[in-house]
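Notes follow the structure.
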Amino acid sequence: MSRHAELGRYLAGRVLLVPVMLWLIATLVFLLLRVAPGDPIDALLGTRATEEARAALRGQLGLDRPLPAQYTGFLLQLLRGQLGTSLTSGEEVIEVIRRSLPASLELGLTALVLAALLGLAVGFSGIARPEGRLDLAGRLYGIGTYALPPFWAAMVIQLVFAVWLRWLPVGGRLPPSLPPPDGSGFYVLDALVSADRPLLVASLRHLALPACTLGLLLSGVFTNALRLNLRRALQSDYVEAARSRGLPERRVVLRHALPNALLPVLTITGITVASLIGGALLIEVTFSWPGLAFRLQEAIAQRDYPVVQGIVVTVAALVVLVGVLVDILVALLDPRIRF
């Protein structure tokens, strides 16, 4: 079978796997919510409500139906592209996600770019002299940032730069005096499009601390991945062959070793997008950043089943799609991969 045919079969398999994975994740989150401690009726009415009021609300929300009936209804809603209605606010879950998703994407993408730039720069800096001071500093940086507890790091950065030095705001996306702009929901982009300088400065100032914190925590992954793969590439036969032809070391590194070392980093980027979700939860809560993770934390506390289910399925869909796209990209770029 030719490589193109093998590649087509591989890509078709990856794409067909997406709905199966989403069904498994949706089923898992539905079941976990029902077996977890806590009752949404308690969150809505409190524990002192009468049994009649509790039963009436339970029937009104459809929570008195048998579990298989609730599960079937949930799956049918998903197939129709609906995510239900919030138990606490009565708002469509899709609207909750539409309002919160741009905040999470703005924070996550900014942090990912910062993490990649910082991590790759530190990872590449010590390669010229292995076991030298720069190499040792890069190694310590990679291990240290990877091991930092996100909540602790966020609190320390917030304390230093927002409370002690007062350089940047403690949290939120904008100051209370500035109304949110009407637009895409990406405040920095909206400010640039409308040429609104006060809005741009305010949104960048509020974005700086959470994005830098998340980017710093993730940069160690890129540092370690680049250092490891670049070192392996520099010890490979094709690099030795390039050196034996008398090529300058700088050209050997940039033209022969670095492109091959960056391919695994592409896979790391896909995994990092998934880890952004877990890391962003603590960062968004600490900095009161009104994104999906912040809204998810609120919905879990309120036992708001439709909102939790909707956000988890949406995030899972994004993570699965990014993973599939990265797999496809790596398969297309790396001819050494066999299927």
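Quick note: residue numbers are just sequence positions, from 1. Only this structure's heavy atoms are used, side chains among them; waters, hydrogens and symmetry mates stay out.
Glu284 places a side-chain N or O within donor-acceptor distance of the main-chain N or O of Phe294, the cut-off being under 3.5 Å. Between the side chain of Ser89 and the main chain of Ser86, no donor-acceptor pair closer than 3.5 Å is present.
Because its NZ or CZ atom is both nearer than 6.0 Å to the ring centre of Phe30 and within 45° of the ring axis, Arg34 counts as a cation-pi partner of that residue.
No continuous path of ILVMFWY side-chain contacts below 4.5 Å connects Leu114 to Leu209, so the two sit in separate hydrophobic clusters. Following chains of ILVMFWY side-chain contacts shorter than 4.5 Å, one cannot reach Val312 starting from Leu32, and the two form parts of different hydrophobic clusters. Placement of Val307 and Ile25 within a single hydrophobic cluster is found when ILVMFWY residues are connected by side-chain heavy-atom separations under 4.5 Å, directly or transitively. Taking hydrophobic clusters as Ile, Leu, Val, Met, Phe, Trp and Tyr residues chained together by side-chain heavy-atom distances below 4.5 Å, Val322 does not share a cluster with Val15. Linking Ile, Leu, Val, Met, Phe, Trp and Tyr residues whenever their side-chain heavy atoms come within less than 4.5 Å places Leu168 and Val163 in a single cluster.
One finds the CD atom of Gln297 at 9.0 Å from the CD atom of Gln302 (value rounded to the nearest 0.5 Å). Thr223 contributes atom OG1, which lies 11.0 Å from atom CD1 of Ile143 (distance to the nearest 0.5 angstrom). Here His206 contributes atom NE2 and Leu107 contributes atom CG; the two are 13.5 Å apart, rounded to the nearest 0.5 Å. Atom CG of Leu33 is separated from atom CD1 of Ile300 by 7.5 Å, given to the nearest 0.5 angstrom. Taken to the nearest 0.5 Å, the CG atom of Leu321 stands 10.0 Å off from the CE atom of Met21. How far OG of Ser203 is from CZ of Phe186: 13.0 Å, rounded to the nearest 0.5 Å.
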task = Could you check Arg65 against Arg58 for side-chain contact (heavy atoms from CB on, under 4.5 Å), going step by step and ending with a plain yes or no?
result = CA-CA 9 Å; Arg65 294 186 299 161; Arg58 194 179 296 279; over 6 Å; no
message = Please evaluate residues Val188 and Thr110 with respect to the criterion side-chain contact (heavy atoms from CB on, under 4.5 Å), reporting the C-alpha separation (whole Å), side-chain torsions for both, the decisive distance (0.1 Å), and the verdict.
response = CA-CA 11 Å; Val188 175; Thr110 307; over 6 Å; no
request  = Decide side-chain contact (heavy atoms from CB on, under 4.5 Å) for Thr85 and Val93; before the verdict, give the C-alpha distance in whole Å, the side-chain angles of both, and the deciding distance to 0.1 Å.
outcome  = CA-CA 5 Å; Thr85 305; Val93 175; 5.7 Å; no
message = The test is side-chain contact (heavy atoms from CB on, under 4.5 Å); show your working for Leu318 and Leu101 and say whether it passes.
response = CA-CA 11 Å; Leu318 291 173; Leu101 184 59; 4.0 Å; yes
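Nearest heavy atoms, Ser184 versus Pro102: O-CG, 3.7 Å. Taking every heavy atom of both residues into account, Pro150 and Leu282 meet most closely at CB-CD1, 3.9 Å. Contact between Ile94 and Gly81 at its shortest, heavy atoms only, is CD1-O, 3.4 Å. In plain terms, the two heavy atoms of Leu118 and Ser219 that are nearest each other are CD2-OG, 4.0 Å. Closest non-hydrogen pair, Tyr141 versus Thr145, comes out as O-OG1, 2.8 Å. What you find for Leu178 and Pro198 is that their closest heavy atoms are CD2-O, 4.2 Å.
The closest side-chain heavy-atom distance from Asp182 to Asp190 is not below 4.5 Å. Side-chain atoms of Leu87 and Pro306, non-hydrogen and from C-beta on, do get closer than 4.5 Å to each other. Using a 4.5 Å cut-off on side-chain heavy atoms (C-beta onward), Tyr71 and Leu76 make no contact. Glu106 has its side chain within reach of Trp289: a pair of non-hydrogen atoms, C-beta onward, lies under 4.5 Å apart. Counting only heavy atoms from C-beta outward, the side chains of Glu92 and Val96 never approach each other to under 4.5 Å. Contact check for Ile283 versus Leu217: side-chain heavy atoms found under the 4.5 Å cut-off. Taking 4.5 Å as the limit, every side-chain heavy atom of Leu200 sits out of range of all side-chain heavy atoms of Tyr187. Side-chain atoms of Leu296 and Leu292, non-hydrogen and from C-beta on, never get closer than 4.5 Å to each other.
Within 6.0 Å of atom CZ in Arg80, more than 12 heavy atoms from other residues, nucleotides or ligands are found, so the atom counts as buried in its surroundings.
Each of Pro290, Ser100, Ser104 was evaluated against Arg295; a single residue qualifies, Ser100, per the side-chain contact (heavy atoms from CB on, under 4.5 Å) test.
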